Student: 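Pasting a structure here, questions to come.
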Amino acid sequence: MVWRSVRAGGEIKTKKSRRILALPQRCVDVLREHREDQEQIREKVGDKWQDNDLVFPSRTGTPADASHIRRSFRKVTEAAGLNPAHWTPRELRHSFVSLLSDPGVPVEQTSRLVGHSGTTTTETVYRKQIRPVIIDGAEVMDRLFPSPGETAPDA
């Protein structure tokens, strides 16, 4: 559960942003491993560690600076063979929406997951793949207008 984010004033964007989201097991496993790594870092820095109960703090336990997040993200994108100039942490949000759209998760559900009050922003700003919509439309048209020799289903 995310109760706060590092923003001006230290609060979440809106009250509706405060919600509980289930995590895939893969993420739970990685976060547990991260906690173990963080314990080792805490031991190394000793008295310099400031415990702020943060999941992703700086190397001394303080809130992470946005520039450090961006620098770490660039390293990850480079290691993945991606051009860091084309990727920002914000792109993960776009990717998440697009990946959910591909297997046909309803846009209303995706909108709720990313905290949008309606589907317009999700559809027009974040969703980059429209293949399911195109496939569904083609399948409906095939049923409505069957090829010669096929019969239309009873209405």
Side-chain angles (χ1 to χ4, degrees), residues 1-140:
M1 177 173 0
V2 177
W3 285 104
R4 69 176 169 206
S5 62
V6 180
R7 300 180 64 80
E11 277 300 314
I12 55 177
K13 189 174 176 183
T14 67
K15 292 211 183 285
K16 195 171 184 181
S17 296
R18 186 169 296 185
R19 59 198 183 281
I20 297 171
L21 300 173
L23 291 174
Q25 188 59 48
R26 162 183 254 166
C27 293
V28 172
D29 295 343
V30 169
L31 285 169
R32 284 188 176 135
E33 195 174 301
H34 172 72
R35 182 173 37 192
E36 291 171 12
D37 293 344
Q38 198 174 57
E39 285 299 323
Q40 292 175 1
I41 293 168
R42 183 185 306 213
E43 288 175 16
K44 280 183 187 176
V45 299
D47 292 339
K48 293 180 184 174
W49 183 265
Q50 297 177 33
D51 194 357
N52 289 290
D53 197 29
L54 300 172
V55 177
F56 301 106
S58 72
R59 294 298 231 177
T60 58
T62 59
D65 183 79
S67 66
H68 297 141
I69 302 291
R70 287 189 296 272
R71 183 174 36 241
S72 295
F73 190 79
R74 280 193 298 271
K75 288 178 184 178
V76 169
T77 56
E78 284 176 9
L82 301 171
N83 181 343
H86 297 153
W87 290 88
T88 65
R90 186 86 176 152
E91 292 299 320
L92 296 176
R93 190 169 168 86
H94 291 264
S95 297
F96 176 76
V97 169
S98 296
L99 288 169
L100 287 182
S101 296
D102 194 47
V105 174
V107 70
E108 296 81 7
Q109 185 177 352
T110 303
S111 294
R112 284 192 303 275
L113 286 169
V114 295
H116 295 155
S117 58
T119 61
T120 303
T121 301
T122 308
E123 292 177 289
T124 60
V125 176
Y126 288 91
R127 188 168 68 176
K128 304 299 181 199
Q129 298 174 343
I130 60 169
R131 188 178 65 170
V133 174
I134 293 171
I135 290 171
D136 291 346
E139 290 170 355
V140 169

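Keep in mind that what you see is a predicted model, and the values were worked out from it rather than measured. Nothing fancy with the numbering, it's 1 onward along the sequence.
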Student: When the side chains of residues 72-86 are checked against the rest of the protein, which donor-acceptor pairs come out under 3.5 Å, sequence neighbours left out?
Tutor:
| from | atom 1 | to | atom 2 | distance (Å) |
| --- | --- | --- | --- | --- |
| Ser72 | OG | His68 | O | 3.1 |
| Thr77 | OG1 | Phe73 | O | 3.3 |
| Thr77 | OG1 | Arg74 | O | 2.8 |
| Asn83 | OD1 | Ala85 | N | 2.9 |

Student: Please give me the minimum heavy-atom distance between Pro57 and Ala64, naming the atom from each residue.
Tutor: C-CB, 4.1 Å

Student: Give the intermediate values and the outcome of side-chain contact (heavy atoms from CB on, under 4.5 Å) for residues Leu113 and Phe96.
Tutor: CA-CA 10 Å; Leu113 286 169; Phe96 176 76; 4.2 Å; yes

Student: Under the side-chain contact (heavy atoms from CB on, under 4.5 Å) criterion, do Glu123 and Val97 qualify, and how do the steps go?
Tutor: CA-CA 9 Å; Glu123 292 177 289; Val97 169; over 6 Å; no

Student: Please report, to 0.1 Å, the donor-acceptor pairs under 3.5 Å made by any side chain of residues 30-42, with sequence neighbours excluded.
Tutor:
| from | atom 1 | to | atom 2 | distance (Å) |
| --- | --- | --- | --- | --- |
| His34 | NE2 | Val55 | O | 2.7 |
| Gln38 | NE2 | Val55 | O | 3.2 |

Student: Restricting to non-hydrogen atoms, name the atom on Pro63 and the atom on Asn52 that form the minimum distance, rounded to 0.1 Å.
Tutor: CD-ND2, 4.3 Å

Student: Using atom types as modelled and distance alone, determine if a side-chain donor or acceptor of Ser111 lies under 3.5 Å from a backbone N or O of His116.
Tutor: no

Student: About how many Å separate CD of Gln50 and OG1 of Thr62, when rounded to the nearest 0.5 Å?
Tutor: 6.0 Å

Student: Is the closest side-chain heavy-atom distance between Ser58 and Asp65 below 4.5 Å?
Tutor: no

Student: Does CZ in Arg93 sit with more than 12 non-hydrogen atoms of other residues, nucleotides or ligands closer than 6.0 Å?
Tutor: yes

